[in-house]
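Below is one structure, written out as C-alpha cells; comments come after it.
Here is the naming used below: chain letters follow the sequence lines, and residue numbers restart at 1 for every chain.
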Amino acid sequence: MISMAIWLTAIFLEGVLLYRGLRQGLFPRYPFFFSYIAFVFAAEFMRFYAFRADDRLYFDVYWSTQFLSLVIGSAVFLDLYRVGLRAYPGTARMARATLLIVFAFLLARTLATRSVGIFQWFHQQSEQLELSLRMVQCIALFALVLLCVWYAVSLGKNLRGIVFGYGVFICLIILQLTAVTHFGAYLQTVWSYLQPCSYLVVLSLWLEALWVADENLPAMPNSKGGGDYSVLAASTQELLEQARERLGSAVRP
Amino acid sequence: MIEILVFAGIPVLLLVLLSMLGATWNLDEDSSDDRMDHLRRPSPAGPETAACIQRIFSSEDRDFVEKQHSPRLRQVYRAERTRVALYWVERAASDVAQIMRDHRLGARESQNLEVAREVGLALRYAEFRILCGMLVLLIRLFGPHALKDMATYTLDVSQSIGRVLQATAASRIQAAGNLGGA
C-alpha cells in the first residue's frame with residue numbers, strides 16, 4: 001500500500017514536472033533532461049501495467065526500462081555542457097579533455113581487470129551492472145562539477161537544479177546499491193522503500209528548480225574570447241614564480 | 001572494504017561538490033570582512049619589504065632577546081613575531097589566490113586554452129598552497145625562526161659534506177700522484 005502510494009506520487013510529480021516544463025518553455029532549452037523525464041514518465045506506466053499483469057513481466061520491464069533510463073539519463077550531461085558552458089569556451093575545452101581522460105581511464109581499468117573486457121558487464125547481476133554504470137556517471141559528473149566550481153561557472157537556477165538533483169539521485173542510488181550488494185539481501189526490503197522515497201526527494205528538487213524559467217541565462221561567448229591564453233598563462237606563471245621566490249627567500253639562510 | 005569506501009566515498013565527495021555548485025565564493029571580491037579586506041590589498045613590494053621579511057624570519061632579534069635573559073620579553077617577542085610571520089604567509093597566500101582568481105576569470109572565456117598548461121598552473125598553485133600550509137604549521141609549532149634554523153643547518157651539513165668530499169678527492173689525487181711518482 002505504501003509503495004503503491006509512493007509510486008503514484010512519483011508519477012504525479014513527473015507529470016507536473018513535464019507540465020511545468022511545457023508551460024515555461026523549458027523543453028527546447030533543456031531537451032535532454034526533459035526527454036529523460038518523458039521517458040521515465042512513459043516507463044512508469046509500462047511498469048505499472050506489467051506489475052498488474054505478471055511478476056516475471058514486471059521484472060523484465062523494470063530492468064530493461066531501468067537500463068534505458070540510465071543511458072538516456074547520461075544525456076543530461078549534454079545539457080550541462082551545451083547550455084552551462086556555452087559562455088565559457090575555456091572551461092568547455094577543459095571539460096572535454098577531462099571527460100576524455102576519465103572515460104579512457106575507466107575503459108582501461110575495465111579492460112585490465114576483466115578478462116573478457118566490457119562484455120563481462122552484461123553477465124553481472126542487474127544491481128551490479130547498474131552500480132558500475134552509475135559509478136561511471138558519478139565520476140563524469142564529479143569531473144564536470146569540479147570544473148564548474150573551480151571556474152565559478154554560473155549555471156542559472158534551472159540548470160543548477162537539474163545538475164544538483166541528478167547528482168543527488170546518482171549518489172543516493174550508488175550508496176543504496178553499494179549497501180545492498182555488499183551487505184546482503186536483507187537490505188532489499190529497506191531499499192525497495194528507500195529508493196522510491198529518495199527519488200521523490202529528487203523530483204521535488206527538480207520541481208522547485210524548474211517551476212519558473214530562469215531569466216538570467218548564461219550569456220553567449222564574449223566575442224573577444226577572453227584574450228590570448230598564452231599571454232595570460234605566461235603572466236600568471238611569472239607571478240606565481242615571483243610569489244614562490246618571495247616565500248623561499250624569507251626562509252633561506 | 002576498500003571497494004565499499006571507494007563506492008561510498010566518491011558519491012559523498014560529489015555531494016559536497018554539488019553543495020558548492022553555483023557558489024561564487026572562490027571568485028567573490030566583495031566582502032565586508034575587514035581582515036579579508038586587509039589581505040586582499042596587494043602586498044607592498046621592494047627592497048625594504050624584502051629586508052623586513054628577511055628580518056621576520058632571521059635569528060638576529062631573537063639572539064638579542066635571548067641575551068636579555070628575560071622570560072617575559074622572550075614570550076612577548078615570540079608571540080608577536082609568530083603573529084607577524086603568520087600574517088605575512090597568509091598575505092602571500094592571499095596574493096597568489098588573487099592571481100589565480102584573475103587567471104581563472106580570463107581562462108574560462110579563452111578560446112585557445114591549453115589544457116596541459118592549465119593543469120600545470122593549477123598544480124603549481126596547489127603546490128604553493130601546500131607550502132604555505134606547511135609554513136603556517138611549522139611557524140605555529142616551532143616559531144618563525146625554526147625554518148631558517150633548519151635551512152641553515154641543512155646548508156651547514158651540505159657544506160661540511162662538500163668539504164669532506166673535496167678533502168677525500170684531494171687526498172686520493174695526492175695518493176695517486178705519490179704512486180705515480182714512486
Can you say whether A:Gln242 sits under 4.5 Å from chain B via the side chain, the backbone, both, or neither, judging by heavy atoms?
neither
What's the separation between atom CG in A:Leu232 and atom CD in B:Glu109, rounded to the nearest 0.5 Å?
11.0 Å
Criterion side chain to side chain contact (heavy atoms under 4.5 Å, CB included) on B:Arg108 and A:Met94, from CA distance to verdict:
CA-CA 9 Å; B:Arg108 68 182 186 176; A:Met94 280 297 284; over 6 Å; no
Which atom names give the shortest non-hydrogen contact between B:Arg104 and A:Tyr151, and what distance separates them?
O-CD2, 3.8 Å
Please assess B:Glu118 against A:Arg93 for the test side chain to side chain contact (heavy atoms under 4.5 Å, CB included), listing each intermediate value before the final yes or no.
CA-CA 11 Å; B:Glu118 187 69 4; A:Arg93 211 177 169 121; over 6 Å; no
Could you tell me the separation between the CG atom of B:Leu121 and the CG atom of A:Leu240, rounded to the nearest 0.5 Å?
6.5 Å
CZ (B:Arg140) with more than 12 external heavy atoms under 6.0 Å:
no
Could you walk me through whether B:Asp95 and A:Arg246 pass the side chain to side chain contact (heavy atoms under 4.5 Å, CB included) check?
CA-CA 12 Å; B:Asp95 281 352; A:Arg246 273 204 304 277; 4.2 Å; yes
Where do B:Leu14 and A:Gly167 come nearest, in terms of heavy atoms and distance?
CD2-O, 4.3 Å
So, applying side-chain contact (heavy atoms from CB on, under 4.5 Å) with B:Pro11, which one of A:Leu141, A:Thr178, A:Ile174, A:Ile173 is it?
A:Ile174
Report which part of A:Ser230 has an atom under 4.5 Å of a heavy atom belonging to chain B: side chain, backbone, both, or neither.
both
Let me know if A:Ala97 has heavy atoms under 4.5 Å from chain B in its side chain, its backbone, both or neither.
side chain
Chain B contact via A:Ala143 - which portion, at a heavy-atom distance below 4.5 Å:
neither
I need the B:Met20 CE to A:Leu146 CG distance, nearest 0.5 Å.
9.5 Å
Any idea which heavy atoms bring A:Trp150 and B:Ala122 closest together, and the distance?
CZ2-CB, 4.3 Å
Would you say the side chain of A:Arg244 lies within less than 4.5 Å of the side chain of B:Glu127, judging by non-hydrogen atoms?
yes
Give me the atom names and distance for the closest heavy-atom approach of A:Pro89 to B:Gln111.
CB-OE1, 3.7 Å
Step through the shown structure and confirm whether more than 12 heavy atoms of other residues, nucleotides or ligands are within 6.0 Å of CZ on A:Phe105.
no
Closest-packed option against chain B by number of heavy-atom pairs under 4.5 Å, given A:Glu241, A:Arg96, A:Met135:
A:Met135
Using every non-hydrogen atom in the two residues, find where A:Leu239 and B:Ile99 come nearest and quote the distance to one decimal.
CB-CD1, 3.6 Å
Could you have a look at B:Leu15, B:Val96, B:Val12 and say which one has the most heavy-atom pairs with chain A under 4.5 angstrom?
B:Leu15
B:Leu18 and A:Val163: which non-hydrogen atoms are nearest, and at how many Å?
CD2-O, 3.9 Å
